[in-house]
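Read through the structure below, which is laid out as structure tokens, and then see the notes.
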2 protein chains.
Amino acid sequence: MARATINDVATSAGVSTATVSRLLNGLNVSSGTADRIWKAVAELDYTPNALTRGVFAGRSSTIGVIIRDLDSPYYLELMRGIEEAATAHDSLVMFANTFSRVDREWAHVQKMDEQRVRGLILTTGPDSDARARRMAAAGTPCVIVGRAADLSPNLHSISLDNIKAGQLIGGHLLACGRSSIAVITMGNREQGILRIRGLRSVLNEHDIELPDSAVRAVEAKEEVFTAIAELLADARANGSPIDAVVCMSDLLTRHIYEALHKLGRRVPDDVGLIAVGDFDWAETLGMTVIAQPTYEMGLEAATLIVTAPQEPVRIVQEPRLIVRRSCGEE
Amino acid sequence: MARATINDVATSAGVSTATVSRLLNGLNVSSGTADRIWKAVAELDYTPNALTRGVFAGRSSTIGVIIRDLDSPYYLELMRGIEEAATAHDSLVMFANTFSRVDREWAHVQKMDEQRVRGLILTTGPDSDARARRMAAAGTPCVIVGRAADLSPNLHSISLDNIKAGQLIGGHLLACGRSSIAVITMGNREQGILRIRGLRSVLNEHDIELPDSAVRAVEAKEEVFTAIAELLADARANGSPIDAVVCMSDLLTRHIYEALHKLGRRVPDDVGLIAVGDFDWAETLGMTVIAQPTYEMGLEAATLIVTAPQEPVRIVQEPRLIVRRSCGEE
DNA sequence: TTGAAAGCGCTAACAG
DNA sequence: CTGTTAGCGCTTTCAA
């Protein structure tokens, strides 16, 4: 049951380990010797030890990914993109999920560093930026996905143009004749803040205000129903009933949709609904959304790791409006 | 930029590498020496090399996962479970996605073996079973998830009781007064076949037949619409219009739902709909489903790797019927 | 409690 | 084209 080593293969083929190593790495070996070695490899079921190779190279060929919380299909697409690029470059992907716990975040970055990953992709909040920056400085390329982080050597970022996303939303809503808008966002993340800023800018151009009271930052999905109920009630009390709800986080979309239904508001007849983040059922349900090229982001992130450009790179992706039915006609 | 090694730490602290190694591994070291070593570790930003440790141990502490196609939220849950258990045991998770290409499957198993993973979890089809069995025989625990594979030493399986799932479906449909049933399944996978068998058994007990013509195996989502349209038309022509559609694969659920809507059939008024595989929107849409404990399966799979029982283990999970509205009242 | 030395499985000069 | 030799960074006897 003991695994065959390169030594066993060499002995069995009657050559030195160096020759075996050379053959395995595609260097020149006479065809006779090669045959004997391959035969030995097959007989002994020899599988080279990537760990040892990594020791020698100073790093492994694995790409590390740290996910904040594997709770959204967004990550499915991102990981597919990463995996695709990694496989193309003969890399594997190692991932860790923090379950949104910041303390785990740091530990996972550390672990990835110990594994001597070829590069690290982070979808986490800014808490572990410092650690990532150290890794980057020490020579491990890092890519921060989703936020436009402060760059430094070897530290790149790929993010959505969040301002633009907000503007797209504003433009569409206006075009659909909706101007009394409520916004639901998740926590106080940078992404949401920028999207709201973009939305406001468009609204303001048309002399429409988006008062702070019309924006709710919830901490959890469970708060959505109450938030929506209050938003609708307040606006009605003010004499300007809401005619569109904007969802700034894909985690919340379903809950907003559900809340609206429970509150007896028909979409889009009574109220429009638009969300950031496309998803499978959106098509079926006719939900208008702002899509971000998630798969491509994964692809680019992994490619950045592999190509390891000297200068830090900041990639900003264009959001795309997908008009379906949930805001009515333009 | 060159990374500090254990040697650098030892030199800096004025001790031997052996002492540093001992401290790092929790063995006894006098407190004075320990202080000096920790100081050196901090100063040099020393991060132990897990690769080298793995070489020594003969294997890494990483758990490998091979996913057939990262296309379903099913995997999100599974991976969360795996990750949770792995983290609890101080392991990382390495994953590879085959994008449903069988040729990649073999290559990925090979790669995982080269990485000397602590254990391997496979969600793939039976094509790479042989390779996994070899790995298992060589001492790497393997867990096949989703299929009740033939067991051998170190090769375990975790699967759903698919027959039972089919029976649950049959029971519920009957209870809702539906007996003219159409089934859509994905390809010719074992899971689907067993589920249909379970469904038939219940139906037969009540002298109801499920003719082969009422069962369609599609190869891709795109075929769903046509399949549904034909199924409905055929049954109507036969004078026994379909009153329930069963979806045996979570990948197809949305497309069946959509096809039914496009064909003008209201759920559940005109036709009932029940699917294997729970999902977020199912709750919102009132879709009755058979849920499988995916997160728990991930948890158990990873735990099996870590505990590495000598005897092969076969875990069979109980499916659970979640009644919502899509089949009407019981 | 500590250090010297050997070695894990592999690669990379350097001769031959 | 091939073997010898010296490591990669770490762990683990074995003595001291």
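Reminder, nothing fancy here: chain letters follow the sequence lines and each chain counts from 1.
Identified under the ring pair (Phe, Tyr, Trp, His ring centres under 6.0 Å) test for residues 38-70 of chain B, with sequence neighbours left out: none. The salt bridge (Lys or Arg N to Asp or Glu O under 4.0 Å) analysis of residues 6-25 of chain B, with sequence neighbours excluded, yields no pairs. Counting only residues at least two apart or in different chains, ring pair (Phe, Tyr, Trp, His ring centres under 6.0 Å) contacts with residues 97-146 of chain B are absent. Applying the salt bridge (Lys or Arg N to Asp or Glu O under 4.0 Å) rule to pairs touching residues 135-157 of chain B yields B:D129-B:R147, sequence neighbours excluded. Sorted by first and then second residue, the pairs that involve residues 51-75 of chain B and meet salt bridge (Lys or Arg N to Asp or Glu O under 4.0 Å), not counting sequence neighbours, are A:R80-B:D69. Residue pairs satisfying the salt bridge (Lys or Arg N to Asp or Glu O under 4.0 Å) criterion with at least one member in residues 90-102 of chain B, sequence neighbours excluded, are listed as follows: A:K111-B:D90. A side-chain hydrogen bond (donor to acceptor under 3.5 Å, both in side chains) check over residues 303-314 of chain A, counting only residues at least two apart or in different chains, returns nothing.
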*Summarise protein proximity over nucleotides 9-16 of chain D in one line of letters, 5' to 3': B for base, S for sugar-phosphate only, - for none, counting protein heavy atoms closer than 4.0 Å.*
BBBB----

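Exactly one residue among B:N97, B:L70, B:V143, B:I67 makes a side-chain contact (heavy atoms from CB on, under 4.5 Å) with B:T123. That residue is B:I67.
For A:R133, there are no salt bridge (charged side-chain N to carboxylate O under 4.0 Å, His left out) partners, not counting sequence neighbours. Every residue was checked against the salt bridge (charged side-chain N to carboxylate O under 4.0 Å, His left out) condition with A:R189, not counting sequence neighbours, and none meets it.
The outermost nucleotides of DNA chain C lying under 4.0 Å from heavy atoms of chain A, listed 5' to 3', are C:dG9 to C:dA13.
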*Would you sketch DNA chain D in dot-bracket for me? Only Watson-Crick or G-U wobble pairs with both distances under 3.5 Å count, crossing pairs as [ ], other-strand pairs as |, the rest as dots.*
||||||||||||||||

